[in-house]
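The structure appears right after this line, and notes come after that.
For ligands, and for the atoms within them, numbers begin at 1 and follow the listed sequence.
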Amino acid sequence: MTANAGRRIVVLTGAGISKESGLSTFRDADGIWAKVRIEDVATPDAFARDPEGVHRFYNARRRRLVGGAIQPNAAHVALARLEGAWPAGVTVVTQNIDDLHERAGSRNLIHMHGEILKARCSACGVVVACTDALGTDERCRECGIKGAMRPHVVWFGEMPLELERIDAALDACATFVSIGTSGNVYPAAGFVDRIRSRDNVHAVELNLEPSEGAGHFDETVYGPATEVVPAFVARLLGARG
Ligand code: BJW
């Protein structure tokens, strides 16, 4: 373990961390993109063309998430434990739109691709909590416009959220840990390169299999997140000295 004990950690998570909680990944053989086309559900054009179809896709995923069967797993819990025990600070940057990190207890958390349990008015920009189905009949509580409420998620071609805060966290971290992401989607896939431009930053990949950018990490551990993440956190906390 060469991570610098006592210094800031940034953790990037992707769909793989929630897989063992029962949520599908995107690009695995049984993933979401094997069942629906990106162009039909995850672009602004798709929403303009077929808002009801896009709502159906997100309503089904939202219903599952709040239904009770989907719970944080040992990997989410381990990261919350790390945040509580690491005085220099831990920032979790998640690409996931589920709420499993916060349910596990993570607090310093950035949802760079948005949150499925929020809706946003595309007319006035207001963001509201949303645990029920959305539809084109919905009226914005703020501006009153009908049909403009959309899932508060980041589609292809849209700007990810809180990039300035993420850049600041990446620039200040001593350890960068990437968990359960295939490294296919930018800008998240480029974070490891960004931190590589500084000296003394340790980059770790924890994933089921090597990601697209596996060669850019100093340390790699492959296995299910519920096994490799708790073991990694235990090792990190044990090495504090
Ligand atoms: C396990 C496991 C277990 C399994 N344990 N591990 C060229 C052409 C056109 C566009 C582009 C281009 N180059 C770049 C772009 C931009 C584009 C992009 O990256 N496209 C690529 C496809 C090429 N990006 C964007 O458009 C982004 N915006 C943007 O770039 O704005 C401009 C900008 C300019 C300058 C600076 C900054 C920005 C927006 C991207 C939005 C992505 N949205 C989605 C949908 C969100 C809502 C929803 O959930 O429906 O986000 S797509 C989908 O992919 C979702 C995810 O967050 C994202 C990443 O996926 P993730 O998490 O990596 O999942 P998988 O399935 O790919 O991988 C899972 C991994 O887990 C695998 O490795 C498994 O092995 C592993 N695993 N089980 C541990 N048990």
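- Within 4.0 Å of atom 9 (C) of ligand 1, not a single protein heavy atom is present.
- Remark: side-chain polar atoms of His101 are not paired, donor with acceptor, to backbone N or O of Thr94 under 3.5 angstrom.
- The shortest contact between atom 4 (C) of ligand 1 and any protein heavy atom is with Asp28 OD2, 3.4 Å.
- Close approach to Glu209 involves these atoms of ligand 1, each under 4.0 Å from a residue heavy atom: 75 (O).
- Using cut-offs of 30° and 60° for the angle between ring planes, the Phe176 and Phe191 rings count as perpendicular.
- Polar contact with ligand 1: present for Gly157 (N/O pair, distance under 3.5 Å).
- Within the structure, no pair that satisfies the salt bridge (Lys or Arg N to Asp or Glu O under 4.0 Å) test touches residues 59-71, not counting sequence neighbours.
- Between Lys19 and ligand 1, a contact under 3.5 Å exists for no N or O pair.
- Taking a 4.0 Å cut-off on heavy atoms, Ser211 fails to register as neighbouring ligand 1.
- A salt bridge links Arg235 and Glu219; the closest N-O separation between the charged side-chain nitrogens and carboxylate oxygens is under 4.0 Å.
- For the pair Tyr186 and ligand 1, the shortest N or O to N or O distance falls below 3.5 Å.
- For the pair Pro187 and ligand 1, the shortest N or O to N or O distance does not fall below 3.5 Å.
- At a 4.0 Å cut-off, at least one heavy atom of Pro160 sits close enough to ligand 1 to count as contact.
- What sits closest to atom 40 (C) of ligand 1 on the protein, heavy atoms only, is Val185 CG1, 3.7 Å.
- Nearest protein heavy-atom neighbour of atom 44 (C) of ligand 1: Val154 O, 4.0 Å.
- The shortest N/O to N/O separation between Ala225 and ligand 1 falls below 3.5 Å.
- Here atom 67 (O) of ligand 1 lies nearest to Ser182 when heavy atoms of Ser182, Ala75, Ala15, Gly114 are compared.
- The contact set between ligand 1 and Pro224, taken as ligand atoms under 4.0 Å from a residue heavy atom, comprises 5 (N).
- The N/O atoms of Glu158, backbone and side chain alike, include one that comes under 3.5 Å of an N/O atom in ligand 1.
- In the vicinity of Gly14, heavy-atom distances shorter than 4.0 Å reach the ligand 1 atoms 62 (O).
- Of all atoms in ligand 1, numbered sequentially from 1 with element shown, those under 4.0 Å from a heavy atom of Glu20 are 3 (C), 5 (N), 80 (N).
- At least one heavy atom of Arg61 sits less than 4.0 Å from an atom of ligand 1.
- Within the 3.5 Å criterion, the main-chain N or O of Val10 finds no donor-acceptor partner in the side chain of Thr91.
- Here the closest heavy-atom approach between residue Arg107 and residue Glu102 is recorded as NH1-O, 3.2 Å.
- Between Arg196 and Asp218 there is a salt bridge, with a side-chain nitrogen of the basic residue lying less than 4.0 Å from a carboxylate oxygen of the acidic one.
- Within the 3.5 Å criterion, the main-chain N or O of Pro224 finds no donor-acceptor partner in the side chain of Glu227.
- Taking each of Phe156, Trp155, Tyr58 in turn, the one with a heavy atom nearest to atom 47 (C) of ligand 1 proves to be Tyr58.
- Among all protein heavy atoms, the one lying closest to atom 51 (O) of ligand 1 is His113 ND1, 3.2 Å.
- The shortest N/O to N/O separation between Phe26 and ligand 1 falls below 3.5 Å.
- Given atom 23 (C) of ligand 1, the protein heavy atom at minimum distance is Asn184 O, 3.9 Å.
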Walk me through it: do Lys19 and Asp30 pass the test salt bridge (Lys or Arg N to Asp or Glu O under 4.0 Å)? CA-CA 11 Å; Lys19 170 83 177 176; Asp30 59 349; 2.9 Å; yes

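- The closest protein non-hydrogen atom to atom 70 (C) of ligand 1 is Gly180 O, 3.5 Å.
- At distances below 3.5 Å, not a single donor-acceptor pair connects side-chain atoms of Arg120 with backbone N or O atoms of Ala123.
- Listed by number with element, the atoms of ligand 1 under 4.0 Å from a non-hydrogen atom of Trp33 are 52 (S).
- The contact set between ligand 1 and Leu163, taken as ligand atoms under 4.0 Å from a residue heavy atom, comprises 37 (C).
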